[in-house]
Structure formats: C-alpha cells, structure tokens
Amino acid sequence: MDLVKVKNLFLEEKERVKTLKDLENFRQTFLGKKGLVSQLFKELKNIPPEKRKEFGREINLLREEIETFIRQKSEELKKLELEQKLKSERIDLTLPGDTVLPVGSKHPLSAVIEEITEIFKGMGFTVETGPEIEREDYNFDMLNIPKEHPARDMQDTFYVNRKGYLLRTHTSPVQVRTMLSKKPPIQIIAPGRVYRRDDDPTHSPMFFQVEGLVVNEKVNFANMLWVLREFLQKFFETPVPVRFRPSYFPFTEPSTEVDIGCVICEGRGCRVCKGTGWLEVLGAGMVHPNVLEACGIDTEKYRGFAFGLGVDRFAMLKYGIDNIKLFYENDVRFLKQFASL
Ligand code: PHE
C-alpha cells in the first residue's frame with residue numbers, strides 16, 4: 001500500500017461523507033482492523049530501515065489527521081441530523097389532539113323545551129319565566145282558586161318555611177306575573193320546573209311545564225284550537241289526530257283537555273294509552289274573567305286563552321320512554337342516546 005495513494009484516497013473520500021453511516025464506512029475503510037492505515041503499517045517491514053522511522057511518523061500523522069476529521073465530521077453530522085429530526089418531528093401544538101374528550105349531550109328535556117319554544121316562536125310568541133318559589137296568591141288565589149277551594153287538592157302542594165310562599169305547582173302563575181307587568185297584546189310561553197307531591201313511574205315530584213298565554217282584543221276559542229292543533233302537528237311531525245274534550249280548570253272558562261291519537265299504538269289501544277287509543281297532552285281554555293280582572297285587564301276590551309303542557313310527557317311520547325324517572329337519574333347510558341339532539 002502506497003502512502004501517497006492512501007492520502008489521496010483520504011482527500012477524495014472525506015468529501016463523500018454525507019451521513020453518520022457514510023462516516024462509519026469511512027472509518028472502517030481507513031482505520032478498521034483491516035483498513036488502509038493498518039495495511040500501511042504492515043508495509044513498514046518492506047521499508048529500508050533508515051527510512052522506516054520517517055515512514056512510520058507519516059502514517060501516524062495521517063492517522064491523526066483521519067481521526068481528527070472523523071471526530072469533527074461526526075459532531076457536525078450529529079448536529080445536522082438532530083436538527084433535521086427536530087424539524088421533521090416538530091409538534092404542532094395548534095393541531096387538534098387525537099384523543100378527543102367525550103363531549104356531553106343535550107338533556108332530552110332541554111331539547112324538547114327548545115323544540116317547543118322554537119315552534120311557538122315561529123307563531124309569534126315570546127318567552128317569559130317566573131320563580132319556582134312562588135307566592136301562594138299568584139299560584140292559586142289570583143288564578144281563581146281561593147283558599148278552601150277543592151281545586152287546591154288537585155295539586156298536592158309543597159309548602160316552604162315562609163308564610164305565603166310555596167313551590168309552584170304549575171307554570172300558570174307566570175300568566176299572572178305577565179299580565180301584571182305587561183299590557184296586551186300578550187302572546188307568551190313560559191317553560192319551567194313545577195313541583196307536586198306525586199311519585200310513581202309517570203309522575204315525578206319535580207317536572208317541567210310549558211305555559212302559554214294570549215291576551216288581545218279579538219281572541220277566541222277557535223284561535224286557540226288552531227294554535228294548539230298547529231303546535232301538536234309540528235311537534236309530532238305527523239298529521240296526528242287531535243281531539244278536544246270539555247274539562248274544568250278554575251282559571252279558564254270554557255276549559256278543554258286536549259288528546260292526541262296514541263303515538264305508541266297509533267290508536268289501536270295499548271298499555272300507554274290504557275287501551276283508549278288517546279293520550280291527554282294539554283290543558284287549555286279561555287282565561288276566566290276573574291283572572292283577567294285580578295290582573296287589572298279590562299274584560300270589556302280583552303279576552304285571552306291559556307294552555308299548559310307537561311314537557312316530560314311530550315318527551316316520553318316523542319322518544320318512547322316509559323319511565324319519567326329516567327330523566328332525573330342522569331345515567332350517562334340513557335343520556336348518551338340523545339347525543340344527536
Ligand atoms: N295549570 C294547569 C295544570 O297544571 C294547566 C293549564 C294551564 C290549564 C293553562 C289551562 C290553562 O294542570
């Protein structure tokens with residue numbers, strides 16, 4: 001092996017080293033056990049003794065040069081490869097993560113209240129609310145239910161530790177509040193929680209109602225029938241049969257209860273409609289003059305109609321749920337089924 005050749009080879013090869021892998025091959029070629037430098041050392045014995053020392057020194061210099069090159073190149077390449085690695089593996093923190101946390105869903109009762117609200121908004125109603133701890137006179141007296149009136153027993157009441165207050169048994173006191181604070185024309189709905197001492201698979205001590213009230217100069221029973229029929233068709237999304245039965249509420253006269261053809265059995269008769277083919281879904285009527293007067297509305301000029309519905313019942317019918325308690329247990333397995341609402 002010729003020293004000059006190896007030196008030239010070194011100068012040529014060092015330019016070809018582009019990666020750490022190249023560098024390792026390069027090291028093997030020159031400094032490996034059977035590498036070019038070892039081969040040069042083996043040549044020593046063929047060198048005339050007087051030149052041997054000089055030759056040996058030159059090989060050593062070359063070896064050192066090669067070693068220095070390898071050390072420097074190695075550092076340079078490591079730095080470069082790290083930079084490239086960092087560049088290619090850079091984390092973009094603005095990208096959405098791939099393990100998405102489960103997102104909650106709308107409660108079916110909220111969804112139904114929203115839906116009912118949208119339908120009435122489409123008919124020109126606005127939304128009012130009232131407190132759940134209500135004045136006894138707004139809940140009863142001003143709605144033409146004086147003390148000792150048997151109708152108070154129709155709604156088993158939760159009283160609170162403050163005289164003259166109770167947990168409202170229906171949303172009808174919002175009618176009173178609205179008429180006391182606003183002048184006709186009035187066209188409102190009032191969704192909210194109500195409380196009664198009732199507890200079985202179809203009754204919960206707390207449930208939801210939506211109240212409706214329209215007061216204006218030319219309002220009549222036929223208008224009311226139209227509004228309610230229109231609402232029921234829209235809510236149940238089919239031309240559902242609707243029937244109006246005469247009924248009694250102290251705060252409306254005349255009064256009606258509204259039935260729809262059973263959405264479960266389509267009128268054939270089942271457990272849910274107790275074999276009748278009909279389901280009661282609404283109470284309604286023309287606002288009793290006593291109520292209008294109690295709220296300072298001129299009964300010569302104005303008339304009104306009002307209605308009340310049970311949200312839970314609407315939700316149960318719409319989604320085929322047979323136990324009202326499911327709405328209040330907050331079991332995720334139940335709630336998840338409404339994720340698309
Ligand atoms: N407030 C009545 C109830 O809870 C429903 C109703 C409201 C009836 C308005 C007529 C008019 O049973």
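We count residues from 1, following the sequence as given. In this text the structure is predicted, and so the values were computed from the model without any measurement. Only heavy atoms go into these numbers, but all of them, side chains included; no hydrogens, no water, no symmetry mates. When a ligand or atom number is given, it counts from 1 through the structure's own listing order.
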For ligand 1, which atoms have a heavy atom of F307 less than 4.0 angstrom away?
-> 7 (C), 9 (C), 11 (C)
For S172 and ligand 1, does the shortest N/O to N/O distance drop below 3.5 Å?
->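 Yes.
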Please state which part of A284 comes within less than 4.0 Å of ligand 1, counting heavy atoms only: side chain, backbone, both or neither.
->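 Answer for A284: backbone.
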Is the distance between the ring centroids of F30 and F69 less than 6.0 Å?
-> no
Do F231 and F314 have ring centres separated by under 6.0 Å?
-> yes
Taking N25 for the side chain and D22 for the main chain, is one N or O donor matched with an acceptor at less than 3.5 Å?
-> no
Taking both backbone and side-chain atoms of E211, is any N or O found less than 3.5 Å from an N or O belonging to ligand 1?
->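 E211 vs ligand 1: no N/O contact under 3.5 Å.
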For Q209, take its heavy atoms, then give the atoms of ligand 1 lying under 4.0 Å from any of them.
-> 3 (C), 4 (O)
Please tabulate, for the side chains in residues 72-83, all donor-acceptor contacts under 3.5 angstrom to protein atoms that are two or more places apart in sequence or on a different chain.
unit_1 : atom_1 : unit_2 : atom_2 : d
K73    : NZ     : E76    : OE2    : 3.3
E81    : OE2    : L20    : N      : 3.4

Measure the distance from atom 2 (C) of ligand 1 to every protein heavy atom, then report the residue, atom name and distance (to 0.1 Å) of the closest one.
-> F251 CZ, 3.7 Å
For atom 5 (C) of ligand 1, grab the closest protein heavy atom and report residue, atom and distance to one decimal in Å.
->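 That would be G308 CA, 4.1 Å.
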Quick one: look up the protein heavy atom nearest atom 12 (O) of ligand 1 and list residue, atom name and how far away it is.
->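 For atom 12 (O) of ligand 1, the nearest protein heavy atom is R196 NH2, 3.7 Å.
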Would one find an N or O of H170, backbone or side chain, under 3.5 Å from an N or O of ligand 1?
-> yes
Rounded distance [0.5 Å steps], CD1 in I297 versus CE in M179 =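 That separation rounds to 6.0 Å.
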Under 3.5 Å: N/O of T252 near N/O of ligand 1 = no
With a 6.0 Å cut-off on ring centres, are F338 and Y319 close enough?
-> yes
Can the ring centroids of F221 and F305 be said to lie less than 6.0 angstrom from one another?
-> no
